[in-house]
There are 2 protein chains.
Amino acid sequence: MPTIGDVARLAGVSTGTVSRVLNQRAGVHPQTRERVIEVMERLGYVPMRAARELTGHSDTVGILLAPGVRRYIPYFVLLFEHLTEALWREGLRVEETPTDAAGLPLKPARGYILLGAHDHDPRLEALQNAQTPHVLIGVYPGTYWVAPDDEGGAYAATRHLLELGHREIAHLTGQPQHQVGRERLLGYRKALEAYGVPFQPHLVLDGDFSTLTAYRVLRKAWEQGLCFTGLFAASDEMAVGAAAALEDLGLRIPQDVSLVGFDDLPEIGATLTTVRQDIGQVARAAVRLLKESLAGGGPHGMRIPVQLVLRGTTSLREVRTA
Amino acid sequence: MPTIGDVARLAGVSTGTVSRVLNQRAGVHPQTRERVIEVMERLGYVPMRAARELTGHSDTVGILLAPGVRRYIPYFVLLFEHLTEALWREGLRVEETPTDAAGLPLKPARGYILLGAHDHDPRLEALQNAQTPHVLIGVYPGTYWVAPDDEGGAYAATRHLLELGHREIAHLTGQPQHQVGRERLLGYRKALEAYGVPFQPHLVLDGDFSTLTAYRVLRKAWEQGLCFTGLFAASDEMAVGAAAALEDLGLRIPQDVSLVGFDDLPEIGATLTTVRQDIGQVARAAVRLLKESLAGGGPHGMRIPVQLVLRGTTSLREVRTA
DNA sequence: AAAAAGGTTGTAATCGCTTACAAAATGGCC
DNA sequence: GGCCATTTTGTAAGCGATTACAACCTTTTT
């Protein structure tokens, strides 16, 4: 493992200069800088983290899930993994630290990425007061944030069903207190509107992003006579529950009911026609914004585009002949 | 933040001595050791990681989930958190590092804790060959391992139902390829046997630890005429699914069916009579064994006792009068 | 041409801890 | 008590980086 001293010697400069290059400090002659960088690359030099930390330079980033949010929601688990990967690639490290009751870490890090933030998250204030760089996943004007295009995705999903000829399209929602669910509902409504199909409140089924609730709600609704040929579930997990319910009701997918999910979670949504949210892209964007935040720029947000993925759970509406 | 120097000064010794106490090195007078430890506690001294690492002492531990295992299983997520906490308390840190396709980390750590290991886990061989200290969660003779008393817990759960007078006791299992599920089934059978109640294969319902499957399997079985007044689900998640199914079938818990879960997961199993598995204790035991492994002792395993928690989902079998 | 100003680089102390080595204390024995 | 062996303890040199400060070049100004 080459050290800063090795680089300095080979480049014919002092360790101080190498350090300055390393930390992108001003006051290094461009030629010197170039030479140093070249040597660093040749040697495959990577600064030792422990030594930097010892001098007060932490490279650890904390990933904080809002307190009270279920920690085993697949989406968050996957996002967590992708964030780890993305931070790693940028030379940043994720250190798991326990958090206090307020959801704040017991050990300070350089910056934070916040998951599952509420509208009035107490953590936000604490971080802003402490001037600690942070990025939120979700829409939060006033800070750095990253969010997928939920409304657009819902619009695309619904439009897809509409274009297949469906007119009775049910929507299985998430909880109204979650912004995500609200945005997806909005996209659904806008698509209906755009195609001149009247919005029918009774076709909106209240879910809670859980598979079991989706199953029960859907089955009950159908048994009570609700009729539809298209179904847009606000998450893959709910789509899976819905699919099971439809199966148990003796309905075939997609012949009897066309089904679209959202998220395209691996394994879970693997067989669904769904809206793909590139979690890796969300993670990379979050890391990029975090670096901007670390560098101290003006806060801003970023929407990540989503994409409809066609698989086997949707088809043209069949015209029943008697 | 107190340093090793502060401790040394207050204890009236040199930093070298404090360091020796810290690293449990021989050659420190018992009285001195005691005095130093006392001062450390009074000051709440925690050695700074970066400085230790700088002198070649990595304190990072990797937590590795077997590849192919769903990363969002509540039990694993919780275990992960408790492990983080327990390691933290021992001065060890968890660094999230991406893993390769085989589930091995891209950056070496001091030791590893393996979750969801299979019978012939390729990671095990790799770690053993590399002489890397590791602990498994689950029973694996030949290495360090920690596992809850699954069989004993299942026995206690079933016995509880038997003592309430139930004789037709169904069991909702996990997949047979998972040791955990097999052990819990065994405990169920042993309890029946101990009480002279014949084991009836048709009362064993095949689940897969998922809530949705539990719901469907249970509902279908009941609708097909299967009768029972007691139900032991091999996990809280399945118990939740079963409870929903029973509710939808118009059955009351516990008046019509007594239900026992397993794990006592927070939130999920909060209202169930269930078998509590102290995940924190499992985590602490794993960390203790990991330290032994780091110190290089003979490998051995450890069973963590579990405990029946009585809540509202079980009651005496009602004798129906017509 | 000397002085001032500014840019670039080197030097060495520092962060908190470990550890080889030296030094001091202790105890046993004659 | 003196000598030696054995514990126990202190000392100080690193580990790999950062950074304040000093020192050295260039330019520009007068």
Side-chain angles (χ1 to χ4, degrees), chain A residues 1-41 43-60 91-93 95 107-110 294-295, chain B residues 1-41 43-60 88 90-93 95 107-108 110 291 294-295:
Chain A
M1 282 273 106
T3 70
I4 201 173
D6 300 331
V7 175
R9 197 163 343 102
L10 287 192
V13 298
S14 70
T15 60
T17 301
V18 176
S19 176
R20 276 181 283 261
V21 171
L22 220 46
N23 296 286
Q24 317 197 38
R25 274 197 155 50
V28 178
H29 194 94
Q31 275 177 31
T32 312
R33 179 184 301 274
E34 209 172 316
R35 189 149 35 94
V36 170
I37 289 177
E38 199 205 316
V39 173
M40 292 199 302
E41 278 175 1
L43 258 54
Y45 167 76
V46 179
M48 188 173 162
R49 207 160 60 92
R52 309 195 77 206
E53 267 187 47
L54 195 54
T55 49
H57 295 255
S58 159
D59 272 356
T60 54
L92 297 165
R93 299 288 171 268
E95 186 179 275
K107 184 175 179 191
R110 187 88 181 287
L294 287 169
Chain B
M1 281 271 108
T3 71
I4 202 173
D6 300 331
V7 175
R9 198 164 341 104
L10 287 191
V13 298
S14 70
T15 61
T17 301
V18 176
S19 175
R20 276 182 283 261
V21 171
L22 221 46
N23 296 287
Q24 316 198 41
R25 277 201 152 47
V28 178
H29 194 95
Q31 276 177 29
T32 312
R33 177 185 301 276
E34 210 172 314
R35 191 149 32 95
V36 170
I37 288 177
E38 201 204 315
V39 173
M40 291 199 302
E41 279 175 0
L43 260 52
Y45 168 76
V46 179
M48 188 174 158
R49 204 162 63 93
R52 309 195 80 202
E53 266 186 46
L54 196 54
T55 49
H57 296 254
S58 161
D59 275 354
T60 53
W88 182 269
E90 293 292 332
L92 297 165
R93 298 289 172 267
E95 187 180 275
K107 184 176 179 189
R110 185 90 181 287
K291 292 191 87 174
L294 287 170

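Sequence lines set the chain letters: A, B, ... in the order given, protein chains first and strands last, and positions in each chain run from 1.
Note on A:V13: only backbone sugar-phosphate atoms sit closer than 4.0 angstrom, heavy atoms only; bases stay farther off. Using a 4.0 Å heavy-atom criterion, one finds that B:T17 contacts the sugar-phosphate atoms exclusively. Using a 4.0 Å heavy-atom distance criterion, A:T3 is classed as a sugar-phosphate-only contact.
When every heavy atom of B:T15 is checked against every heavy atom of B:I4, the shortest pair comes out as O-CD1, 3.8 Å. Of all the heavy atoms in B:M40 and B:V21, the pair that sits closest is CE-CG1, 4.2 Å. Considering all non-hydrogen atoms of both residues, A:S14 and A:A8 come closest at C-CB, 3.7 Å. When all heavy atoms of A:L22 and A:Y45 are compared, the pair lying nearest together is CD2-OH, 3.7 Å. B:A51 and A:L54 get closest at one heavy-atom pair: CB-CD1, 3.7 Å. Summarising the geometry of B:L43 relative to B:P2, their closest heavy-atom pair is O-CG, 3.7 Å, with the distance given to 0.1 Å.
A rotation axis mapping the C1' atoms of four pairs onto the next four is fitted at both ends of the helix from C:dA1-D:dT30 to C:dC30-D:dG1 over five pairs, and the angle between these axes is 50° to 10 degrees.
A salt bridge (charged side-chain N to carboxylate O under 4.0 Å, His left out) check over residues 48-58 of chain B, counting only residues at least two apart or in different chains, returns the pairs A:E95-B:R49, B:R49-B:E53, B:R52-B:D59.
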>> Checking B:E34 against B:I37 for the side-chain contact (heavy atoms from CB on, under 4.5 Å) test, could you report, in this order, the C-alpha distance in whole Å, the side-chain angles of both residues, the deciding distance, and whether it holds?
In response: CA-CA 5 Å; B:E34 210 172 314; B:I37 288 177; 5.8 Å; no
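Atom CZ of A:R20 is separated from atom C1' of C:dA12 by 13 Å (rounded to the nearest Å). Atom CG in B:D6 sits about 11 Å away from atom P in C:dC15, given to the nearest Å.
Contacts between chain B and DNA chain D, taken as any atom within less than 4.0 angstrom of a protein heavy atom, begin and end at D:dT8 to D:dG16.
Residues of residues 47-57 of chain B having a heavy atom closer than 4.0 Å to DNA chain C, listed by number: B:P47, B:M48, B:A51, B:R52, B:L54, B:T55, B:H57. Heavy-atom distances under 4.0 Å link DNA chain C to B:L22, B:N23, B:R25 of residues 21-30 of chain B, given in residue order.
Remark: the backbone N or O of A:R25 is not paired with any side-chain donor or acceptor of A:R20 at under 3.5 angstrom.
Annotation: salt bridge (Lys or Arg N to Asp or Glu O under 4.0 Å) contacts of A:R9 (sequence neighbours excluded): A:D6.
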